[in-house]
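Everything on this sheet refers to the single structure shown next.
Note that the structure is a prediction, hence the values are computed from the model and not measured.
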Amino acid sequence: MLSSDVPRVLVVEDDVTLRQTLARGLREHDLQVDSVGDGATALGMLTTPPGAPFDVVILDIGLPDSDGRDVCQALRARGVLAPVLFLTAKNQVGDLMSGFAAGGDDYLAKPFHFGELLARLRALVRRAAVPPRRNGDDLQLDPGTHALVGPRGRVALTPTEYRLLAALMAAQDQVVRRRELVRAGWPDGARVNDNSLDQYLARLRRKLGELTDERSIVTAYGIGYRFT
């Protein structure tokens, strides 16, 4: 929990009516609420120093400028650990799995009952006792354009490259096992051979090299990879 005794919530929802309704309802239940309608603004609010000032994020998946799952991955890559509750009109198992793989903590399909949202939100707030961890600001993922931004400009990433790099950056200096990278980069149940994963990581190394000499992806032979 943040320094204030009153939990602070960021609502990221492009539907103005729903966004206003959620904000009003949460305030009536003694929560501090900020609300925005796009992913870029949410990223700015959540990653501006001195740190992410929110206890929990309600994040719509279908945003006008980006996919909410890409926004969540960008947050995790920057070391923002605030719990994320996804809102979405999609309720298939594959959609749910992709939300969790992107770093989400809970998932609620529209339409939903406000009481259920509030209960899930409070459960997330109770678990949000871990202080925010900040990664370096030299590299940033842009979910709107699927690009990596660094000291020497930006490079475009494919969706799979974006997801793989987000998983590595979120676990900075820790080895991410190959099977975990496969789960992060491809749909649930996809068959991915070792050579395919290695080729993607080789391309990511080259793209990192275009932006900085200070960061790299290190192979942990027989185990996985580490972003350092």
Side-chain angles (χ1 to χ4, degrees), residues 8-23 25-26 31 33-47 52 54-78 80-125 127-128 140-148 157-167 169-170 180 182-190:
R8 190 173 180 194
V9 181
L10 178 63
V11 177
V12 189
E13 167 61 58
D14 67 320
D15 185 304
V16 176
T17 301
L18 178 56
R19 184 169 73 244
Q20 293 175 343
T21 299
L22 287 175
L26 293 172
L31 297 168
V33 183
D34 290 78
S35 60
V36 298
D38 62 86
T41 304
L43 270 176
M45 294 182 70
L46 285 157
T47 59
F54 296 93
D55 294 288
V56 66
V57 182
I58 299 174
L59 181 58
D60 185 26
I61 285 182
L63 296 171
D65 62 339
S66 54
D67 188 306
R69 291 164 293 197
D70 292 337
V71 174
C72 185
Q73 288 179 309
L75 290 173
R76 299 304 187 228
R78 293 288 300 277
V80 177
L81 301 180
V84 171
L85 169 64
F86 281 121
L87 296 181
T88 178
K90 302 177 180 180
N91 59 1
Q92 300 299 311
V93 172
D95 300 312
L96 185 149
M97 296 293 287
S98 67
F100 286 124
D105 300 273
D106 205 350
Y107 195 104
L108 193 56
K110 302 174 183 178
F112 54 84
H113 190 280
F114 180 79
E116 181 181 1
L117 171 69
L118 187 62
R120 290 174 179 267
L121 198 64
R122 284 175 169 163
L124 290 174
V125 169
R127 300 202 300 267
Q140 300 177 26
L141 288 171
D142 182 345
T145 60
H146 277 182
L148 179 64
L157 303 175
T158 69
T160 300
E161 289 172 346
Y162 180 98
R163 293 189 292 267
L164 289 171
L165 185 56
M169 291 176 68
E180 295 171 356
V182 170
R183 282 198 294 265
W186 285 269
D188 185 53

Check: How far does CG of Leu75 sit from CG of Leu59, to the nearest 0.5 angstrom?
Finding: 7.5 Å
Checklist line | side-chain contact (heavy atoms from CB on, under 4.5 Å) partners of Val33, counting only residues at least two apart | finding: Val11, Ala23, Leu26, Arg27, Leu31
Item checked: Those residues that, when tested against Glu180, pass side-chain contact (heavy atoms from CB on, under 4.5 Å) (two or more places apart) -> Val176, Arg177, Arg183
Next item on the list: Check whether any side-chain heavy atom of Leu148 sits under 4.5 Å from a side-chain heavy atom of Glu161, and report yes or no.
Entry: no
Next item on the list: With sequence neighbours excluded, tell me which residues meet salt bridge (Lys or Arg N to Asp or Glu O under 4.0 Å) with Arg19.
Entry: none
Note to self: Are the side chains of Leu63 and Asp38 in contact, using a 4.5 Å heavy-atom criterion?
What the structure shows: no
Note to self: With a 4.5 Å cut-off on side-chain heavy atoms, are Leu46 and Leu10 touching?
What the structure shows: yes
Next item on the list: Over all heavy atoms of both residues, which pair between Pro64 and Asp14 is shortest? Give the atoms and the distance, please.
Entry: CD-CB, 3.4 Å
Check: Can you name the side chain to side chain donor-acceptor pair (under 3.5 Å) partners of Thr160, sequence neighbours left out?
Finding: Arg163
Checklist line | For Tyr162, ring pair (Phe, Tyr, Trp, His ring centres under 6.0 Å) partners two or more places apart | finding: His146
Notebook entry, point to check: Heavy atoms, side chains only, cut-off 4.5 Å: are Val57 and Leu85 in contact?
Noted result: no
Margin query: Measuring only between side-chain heavy atoms, which start at C-beta, is Phe112 closer than 4.5 Å to Leu87?
Written below: yes
Note to self: So, using ring pair (Phe, Tyr, Trp, His ring centres under 6.0 Å) as the criterion, who are the partners of Phe114 when residues are at least two apart?
What the structure shows: His29
Notebook entry, point to check: Parallel under 30°, tilted from 30 to 60°, perpendicular over 60°: which one fits the rings of Phe86 and Tyr107?
Noted result: perpendicular
